[in-house]
Number of protein chains: 2
Amino acid sequence: MAANSRLTIAVHILAWMALASRRGREVMTSEEIAASLATNPVIVRRSLGELRAAGLVASRRGAGAGWRLTRGPESITVLDVHDALGAEPLFALHPSAPNLECPVGHGIRPVLTEVYAAVDEAVRRELGGRTVADVLAQTLAAKETA
Amino acid sequence: MAANSRLTIAVHILAWMALASRRGREVMTSEEIAASLATNPVIVRRSLGELRAAGLVASRRGAGAGWRLTRGPESITVLDVHDALGAEPLFALHPSAPNLECPVGHGIRPVLTEVYAAVDEAVRRELGGRTVADVLAQTLAAKETA
DNA sequence: TCGATCGTAACAGTTCTTGTTACAACAGAT
DNA sequence: ATCTGTTGTAACAAGAACTGTTACGATCGA
């Protein structure tokens, strides 16, 4: 599959909007944002649509329209972004039910469900510990030393 | 996409082989294993082929052929299985390079790389803490109470 | 030599992602 | 009221991954 870069796209968008907002440009068009990502504005609008559904950004239509953050970037964790994108689980159980007559087939699904839940929890802990503001700060710091 | 159930398949296979081995059947055919998963033997052989490349199982061809574990199930972690399958990273960076003239586009990639590495590390810690023997034991325990 | 099984290629069907074009809906500006 | 820029969304193509199937050569014990 084309690897999943939706989280990268969304975090990039929010970091860029946060920087622009700090510089006084509170409202940005999808075309302006797309320029930073070097991609198509529709890609950006799709991503922004999901972020809006989660309440992280708001949009306005018509002339002079655009997108703006609804919260400060220090209150948006990468986990919030991840959840806004509605990611599917990392690991799936059997696509079709295993043989329930077999002792393993009979009992393994709840066990793996628990394992996968623990993994998911660990991922959420990691993502929840970083905010968009953190990412932006590190990004700008890296720029200085580079 | 069809969600990724390869880890589920592989762990199921190994747990089933471990139980059979404990019962005295050290060598199993892909067809026998496939019966427990209620799937096609080729699916099982594909998975077993990856596990063999990682040294977790061995195969013999010809008459009376089949597959057997090369280690005790208590020495195979779910992480070993995961690594044997050569999983691709959970999150990817931008599919095409962002605009490097933009401060965010310029510096964000190493930052996200670090974030994703931390997530991957957390996943590995979780998976590394459980063995195939653990999964089998819990599976059989669940069967008794069910 | 026979027969069972591995090992692997080829193909179909499904789903997801990225990227593109197109166009209606909207709302401020003139 | 009309113009204009932007959102919002649909439709489509190309590419990739996974599951599942059929097919068949390679291997090796009996």
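Here the structure is a predicted model, which means the values were calculated and not measured. Letters go in sequence order (proteins before strands), and every chain restarts at 1.
Rounded to whole Å, the distance from CZ on A/Phe91 to P on D/dT19 is 13 Å. Distance A/Leu85 CG to C/dT17 C1': 13 Å, rounded to the nearest Å. Atom CD1 in B/Ile43 sits about 17 Å away from atom P in C/dA12, given to the nearest Å. Rounded to whole Å, atom P of C/dC6 lies 10 Å from atom CZ of B/Arg52. Following rounding to the nearest Å, A/Leu37 (CG) and C/dT18 (C1') show an atom-to-atom distance of 13 Å. Atom CD of A/Glu88 and atom P of C/dC16 are 6 Å apart (whole Å). The CG atom of A/Leu7 sits 16 Å away from the C1' atom of C/dC16 (whole-angstrom rounding). For the pair A/Leu93 CG and D/dC18 C1', the interatomic distance rounds to 16 Å; values are reported in whole Å.
The aromatic rings of B/His94 and A/His12 stand perpendicular to each other, their planes meeting at an angle above 60°, with 30° marking the opposite boundary.
Regarding contacts with the backbone of D/dT7, every side-chain N or O of A/Ser59 stays at 4.0 angstrom or more from both OP1 and OP2. Within the structure, a side-chain polar atom (N or O) of A/Ser96 is placed less than 4.0 Å from OP1 or OP2 of D/dG20. Between A/Arg46 and D/dG8 there is no side-chain N or O to OP1 or OP2 distance below 4.0 Å. In terms of phosphate contacts, B/Ser5 brings a side-chain nitrogen or oxygen within less than 4.0 Å of OP1 or OP2 of D/dT19. Taking side-chain N and O atoms only, B/Arg6 has a distance below 4.0 Å to OP1 or OP2 of D/dC18. Residue A/Thr39 places at least one side-chain N or O closer than 4.0 Å to OP1 or OP2 of C/dG19.
Crowding of B/Glu74 atom CD: a count of heavy atoms from other residues, nucleotides or ligands under 6.0 Å exceeding 12.
When each of D/dG20, D/dA23, D/dT9 is scored by its nearest atom to the side-chain atoms of B/Arg45, the top-ranked nucleotide is D/dA23.
The backbone N or O of B/Asp80 sits nowhere less than 3.5 Å from a side-chain atom of B/Asp83 that would complete a donor-acceptor pair. A side-chain donor-acceptor contact under 3.5 Å links A/Thr70 to the backbone of A/Leu56. With hydrogens and angles ignored, the 3.5 Å screen pairs a side-chain donor or acceptor of A/Thr8 with a backbone N or O of B/Ala92.
When hydrophobic clusters are built by joining Ile, Leu, Val, Met, Phe, Trp and Tyr residues whose side-chain heavy atoms come closer than 4.5 Å, directly or via intermediates, B/Leu19 is grouped together with B/Val78.
Two residues, A/Asn40 and B/Gly66, neighbour DNA chain C, and the one matched to the more 5' nucleotide by heavy-atom proximity is B/Gly66. Residue B/Thr29 is the one, among B/Thr29 and B/Pro95, whose nearest nucleotide of DNA chain C lies closer to the 5' end (criterion: closest heavy atom).
As judged by a 4.0 angstrom heavy-atom cut-off over every strand, B/Gly49 is placed among residues making no nucleic acid contact.
Across all non-hydrogen atoms, the minimal contact from B/Val27 to B/Glu32 is O-OE1, 4.3 Å. Counting all heavy atoms, side chain and backbone alike, B/Pro103 lies closest to A/Arg23 at CG-NH2, 3.8 Å.
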Do any N or O atoms of the protein come closer than 3.5 Å to N or O atoms of nucleotides 28-30 of chain D, and which pairs are they?
residue	atom	partner	partner atom	Å
D/dC28	O2	B/Ala63	N	3.1

